[in-house]
Amino acid sequence: MAEYNNKPDNEGTVKKANFIHTQITEDLKAGKNEKRVHTRFPPEPNGYLHIGHAKSICLNFGIAEKFGGKTNLRFDDTNPSKEETEYVESIKEDVRWLGFDWEDRLYFASDYFEKLHDFAIKLIKDGKAYVDDQDAETISNQKGTPTRPGFESPCRTRSVEENLDLFARMTNGEFDEGSCVLRAKIDMASPNMHMRDPIIYRIMKAHHHRTGDKWCVYPMYDFAHGQSDYWEGITHSICTLEFEVHRPLYDWFIDQLQETDYRPRQIEFARLNLNYTVMSKRKLLELVKDKHVNGWDDPRMPTISGLRRRGYTPESIRNFSDRIGVTKVDGVIDVTLLEHSVKEHLNRTAQRVMGVINPLKVVITNYPENQSEELDAVNNPEDASMGSRKVPFSKELYIERDDFMEDPPRKFFRLGPGREVRLRYAYFVTCNDVIKDANGNITELHCTYDPASKGGNSPDGRKVKATLHWVSAKHAIKSEVRMYDRLFRDENPDGHKDRDFKEFLNPDSLKLLNDCYLEPFVQGAKTLDHFQFERLGYFNVDPDSTDEKPVFNRTVQLRDSWAKQQNKKQ
RNA sequence: UGACCUGUGGUGUAACUGGCAACACGUCUGACUCUGGAUCAGAAGAGUGCAGGUUCGAGCCCUGCCAGGUCAACCA
């Protein structure tokens with residue numbers, strides 16, 4: 001089991017105790033629930049999981065890990081009109097990929113439809129539930145408003161027998177959708193809207209992804225969730241802040257159920273907000289449906305599948321979750337913190353490779369025509385155990401266009417006419433000629449190399465100010481590279497009144513580069529393999545890759561002090 | 001005009017039953033370097049929403065304000 005409590009874990013980070021941990025510790029101290037800790041992650045299968053869910057997953061499974069308890073995966077599938085099997089599968093995959101295991105405890109709220117139905121009948125018999133056949137608008141009006149109490153429905157006094165009969169007929173499908181509902185009889189004058197005789201069953205003649213056409217009535221969230229917790233023996237039911245006002249109702253149902261000392265407890269925390277993106281499933285679905293992105297796993301999406309495809313690692317997402325903490329304050333996390341988390345992980349683990357994304361041809365004029373040689377290159381300077389590899393060198397090379405300036409400013413350390421730089425792991429080269437086409441565009445550079453500097457150092461101790469990455473033209477693997485930027489230009493795209501969040505989509509969030517050259521080492525890399533393209537950033541293999549055309553996604557760029565200086569000037 | 005919740009450096013979190021506000025990211029210096037990466041060293045930056053009160057002493061306790069959020073789906 002991992003050690004928490006402010007001790008560094010094996011990834012070198014510190015996992016802090018949060019307020020939920022504190023409360024659980026107190027419950028344990030008080031001897032509640034026979035000192036068991038059992039949590040659950042309860043997604044509704046109506047969309048793909050996103051980074052906000054990852055926070056919840058890490059929290060719930062993390063608690064089980066910390067307290068020696070268990071975590072169930074439970075699908076909250078009480079609304080057949082929105083839920084699909086596709087989502088169930090993607091969610092399972094994402095939770096597993098994040099590194100968590102629900103073992104044999106995979107449940108569905110729909111597992112409890114029978115029990116829930118029985119429980120509803122019990123409430124009717126106890127005089128605590130009734131069928132209301134007024135229309136939705138009438139019921140809604142009777143509910144009052146947050147500042148004004150509601151008043152009682154005329155159906156509230158129906159006899160137990162009549163309620164039983166009506167509910168049975170609802171269940172049998174004798175009534176149309178919307179014609180009546182089952183309500184709990186609580187308190188229409190409660191200051192808490194959720195206690196004003198909440199609807200607990202509605203008629204829906206929809207096909208359910210698991211129970212098929214068996215049911216014509218489906219329980220509402222409030223009537224299913226706490227009960228599911230109870231039947232599964234959950235001790236701590238952790239959910240987001242908006243359910244805070246539901247807690248009295250959660251407790252009310254548990255009161256009706258409770259037979260022993262065992263009792264689940266709902267605790268709320270603030271959901272994750274990230275800037276420059278949207279997090280609601282509805283909006284993410286809209287982006288997918290309207291093709292603003294290429295599916296739920298588009299690398300620009302904040303979905304777990306999107307982040308995975310983008311090149312994020314489970315470790316980095318778990319670390320991110322630990323770093324942001326858990327509180328009841330709802331704030332906004334800077335995406336750069338997420339980015340920092342991957343960079344930190346990938347820096348330690350990613351294979352280094354050279355790749356030129358915006359090629360500029362370089363001819364080494366004093367290098368023999370048909371010669372080539374292999375030079376040693378370190379695979380990861382952070383991890384000697386990753387060893388080294390050979391990189392081919394020859395007369396014609398590509399370097400990055402940005403690494404050359406015809407009229408360089410003083411602070412620009414890279415290549416310019418007459419300047420000498422180092423080609424990483426290779427030689428010192430000096431630029432002698434700049435070749436241009438008829439329009440004045442630079443088409444290639446003529447350089448000479450210093451044979452004595454083989455490997456990257458000159459025996460005379462000469463220093464150069466820059467080291468460039470490069471690729472041998474005839475050995476290079478041509479590939480496509482997809483450069484991603486934030487999906488939205490605005491920090492808080494859905495925070496504008498009267499303006500649709502889609503107005504803030506970043507038109508430059510995806511740039512396809514088709515003329516990229518990578519060193520042969522990447523040949524045969526598998527989907528999702530990570531690399532650092534030296535000096536550029538971290539990249540991974542996209543599933544769209546083929547043998548003929550490898551495709552790489554840029555996960556994040558490396559810190560770029562030069563670019564930063566330039567930005568400051570503007 | 002209700003109920004519930006929240007309010008600590010730019011951002012996110014911390015501060016055991018009250019004891020001179022800590023950490024991370026970011027920012028800025030400098031060192032080192034065959035990645036202008038990474039790393040290392042250092043600096044700036046809040047006096048804890050506001051006003052009172054209790055106390056030798058309050059971010060932590062009390063009172064009153066202010067600000068923000070949530071709640072009126074037969075969604076979850």
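Keep in mind that this is a model prediction, so the values were computed, not measured. Order of the sequence lines fixes the chain letters, A, B, ..., with proteins taken first and strands second; residue numbering starts at 1 for each chain.
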Practice problem: May I ask you to say what A:L337 touches in the nucleic acid, namely base, sugar-phosphate or nothing, with a heavy-atom cut-off under 4.0 Å? | Solution: sugar-phosphate

Self-check item: Nearest-angstrom distance, P atom, B:A58 to B:G53
Solution: 12 Å

Quiz item: Between B:A76 atom C1' and A:R282 atom CZ, what is the distance in whole Å?
Solution: 14 Å

Practice problem: Could you check which nucleotide pairs with B:C23 in any of the strands shown, counting Watson-Crick or G-U wobble with both distances under 3.5 Å? | Solution: B:G12

Quiz prompt | Spacing of the C1' atoms in B:A46 and B:C23 (rounded, Å) | solution = 14 Å

Self-check item: For A:L272, the option from A:V326, A:T240, A:I333 that meets side chain to side chain contact (heavy atoms under 4.5 Å, CB included)
Solution: A:I333

Quiz prompt | Of the listed nucleotides B:C28, B:C74, B:A76, the one nearest the side chain of A:A136 | solution = B:C74

Quiz item: Of A:S561 and A:L423, whose nearest nucleotide on RNA chain B comes first from the 5' end?
Solution: A:L423

Quiz item: Could you state the interatomic distance from CG (A:N379) to CE (A:M386), rounded to the nearest 0.5 Å?
Solution: 6.0 Å

Quiz prompt | Among B:A72, B:U27, B:G69, the one nearest A:K564 by side-chain distance | solution = B:U27

Self-check item: 5' priority, RNA chain B, between A:N192 and A:Y538 [closest heavy atom]
Solution: A:N192

Self-check item: Selected nucleotide, minimal atom distance to A:N347 side chain, candidates B:C74, B:G36, B:A38
Solution: B:A38

Practice problem: Look at the side chain of A:I324 and decide which nucleotide, out of B:G12, B:G37, B:C25, has an atom nearest to it. | Solution: B:G12

Practice problem: Write down the distance separating the C1' atoms in B:A76 and B:A14, rounded off to the nearest Å. | Solution: 33 Å

Exercise. Quick one: label A:Q557 by what it contacts on the DNA or RNA (base, sugar-phosphate, nothing), any heavy atom closer than 4.0 Å.
Key: nothing

Quiz item: B:U48 pairs with which nucleotide, Watson-Crick or G-U wobble, both distances below 3.5 Å?
Solution: none

Quiz item: Is there a donor and acceptor pair, one atom on the side chain of A:Q532 and one on the base of B:U35, closer than 3.5 Å?
Solution: yes

Quiz item: Nearest 0.5 Å, what's the OG1-CG distance between A:T327 and A:N18?
Solution: 9.0 Å

Exercise. Write down the distance between NE2 (A:H530) and P (B:G37), rounded to a whole number of angstrom.
Key: 23 Å

Quiz item: How would you label the contact of A:Y425 with the nucleic acid (heavy atoms, under 4.0 Å): base, sugar-phosphate, or nothing?
Solution: base

Quiz item: Considering only B:G12, B:U35, B:A76, which nucleotide approaches the side chain of A:H246 most closely?
Solution: B:A76

Quiz item: Any N or O donor-acceptor pair linking the side chain of A:H194 to the base of B:A72 at under 3.5 Å?
Solution: no

Practice problem: Pick base, sugar-phosphate or nothing for A:F533, based on heavy-atom distances below 4.0 Å to the nucleic acid. | Solution: nothing

Quiz item: Can a side chain N or O of A:R202 be found less than 4.0 Å away from OP1 or OP2 on B:A76?
Solution: yes

Self-check item: Given B:C75, B:C4, B:C71, the nucleotide with the shortest approach to the side chain of A:E244
Solution: B:C4

Quiz prompt | Pairwise side-chain contact, A:Y425 with A:D376, heavy-atom cut-off 4.5 Å (strictly under) | solution = no

Quiz item: In terms of side-chain heavy atoms of A:R559, which of B:A38, B:G36, B:A76 is nearest?
Solution: B:A38

Quiz item: Nearest to the side chain of A:R323 - B:G36, B:A24, B:A76?
Solution: B:A24

Quiz prompt | Side-chain donor/acceptor contact of A:R352 with base of B:U35 under 3.5 Å | solution = yes

Quiz item: Whole-Å distance between B:U35 C1' and A:R414 CZ?
Solution: 11 Å

Quiz item: What is the distance, rounded to the nearest whole Å, between atom CD of A:E534 and atom P of B:U35?
Solution: 8 Å

Exercise. Check the angle between the aromatic planes of A:W296 and A:Y48 and answer parallel, tilted or perpendicular using the 30° and 60° thresholds.
Key: parallel

Quiz item: Can a side chain N or O of A:R535 be found less than 4.0 Å away from OP1 or OP2 on B:G36?
Solution: yes

Quiz item: Taking the same atom, C1', in B:G36 and in B:G12, what whole-Å distance lies between them?
Solution: 29 Å

Exercise. Between B:G49 and B:G9, how far apart are the P atoms? Round to whole Å, please.
Key: 8 Å

Exercise. Could you tell me the separation between the CG atom of A:D76 and the P atom of B:A73, rounded to a whole number of Å?
Key: 20 Å

Quiz item: Of all the choices, B:C5, B:C74, B:G2, which nucleotide is nearest to the side chain of A:M220 once you look at every atom?
Solution: B:C74

Practice problem: For nucleotides B:C71 and B:G10, find the distance between their C1' atoms and express it as a whole number of Å. | Solution: 32 Å

Quiz prompt | Whole-Å gap separating P (B:G12) and CZ (A:F19) | solution = 16 Å

Quiz item: So among A:F108, A:Y107, A:F41, which one has a ring-ring contact (aromatic ring centres under 6.0 Å, His included) with A:F75?
Solution: A:F108

Practice problem: Using a 4.0 Å heavy-atom cut-off across all strands, classify A:V332 as base, sugar-phosphate, or nothing. | Solution: sugar-phosphate

Quiz item: For B:C60, which nucleotide in any strand shown is its Watson-Crick or wobble partner with both distances under 3.5 Å?
Solution: none

Practice problem: Answer with base, sugar-phosphate or nothing: what part of the nucleic acid does A:P42 contact at a heavy-atom distance below 4.0 Å? | Solution: nothing

Quiz item: Is the distance from OP1 or OP2 of B:U13 to the nearest side-chain N or O of A:K55 less than 4.0 Å?
Solution: no

Quiz item: Which part of the nucleic acid does A:N457 contact within heavy-atom distance under 4.0 Å: base, sugar-phosphate only, or nothing?
Solution: base

Self-check item: B:G7 to B:U13 separation - P atoms, rounded to the nearest Å
Solution: 10 Å

Quiz prompt | Complementary nucleotide for B:G42 - Watson-Crick or wobble, under 3.5 Å | solution = B:C28

Quiz item: Once the angle between the rings of A:H117 and A:F167 is folded into 0 to 90°, is it parallel (under 30°), tilted (30 to 60°) or perpendicular (over 60°)?
Solution: parallel

Quiz item: OP1 or OP2 of B:U6 less than 4.0 angstrom from a side-chain nitrogen or oxygen of A:T327, does that happen here?
Solution: no

Exercise. Take atom CZ of A:F243 and atom P of B:U6, then tell me their distance rounded to the nearest Å.
Key: 18 Å

Quiz item: Applying the ring-ring contact (aromatic ring centres under 6.0 Å, His included) test to A:Y398, which of A:W470, A:Y517, A:F404 qualifies?
Solution: A:Y517

Quiz item: Which of the following nucleotides, B:A76, B:A72, B:G26, is nearest to the side chain of A:S140?
Solution: B:A72

Quiz item: Contact class for A:G331 vs. all strands (heavy atom < 4.0 Å): base, sugar-phosphate, or nothing?
Solution: sugar-phosphate

Quiz item: Going by a 90° cut-off around 0, is B:G47 syn or anti?
Solution: syn

Quiz item: Separation of A:I357 atom CD1 from B:U35 atom P, in whole Å?
Solution: 19 Å

Quiz item: Mind checking whether A:F253 and A:F223 have parallel, tilted or perpendicular rings, split at 30° and 60°?
Solution: perpendicular

Quiz item: Using the P atom in both, what is the distance from B:C40 to B:C25, to the nearest Å?
Solution: 10 Å

Self-check item: For B:A67, the Watson-Crick or wobble counterpart (both distances under 3.5 Å)
Solution: B:U6

Exercise. Test for a donor-acceptor pair under 3.5 Å between the base of B:G26 and the side chain of A:E339, counting only N and O atoms.
Key: no

Quiz item: What is the nucleic acid contact for A:V329, judged by heavy atoms within less than 4.0 Å: base, sugar-phosphate only, or nothing?
Solution: sugar-phosphate

Exercise. Give me the ring orientation class for A:F393 and A:Y449: parallel if the planes are under 30° apart, tilted from 30 to 60°, perpendicular past 60°.
Key: tilted

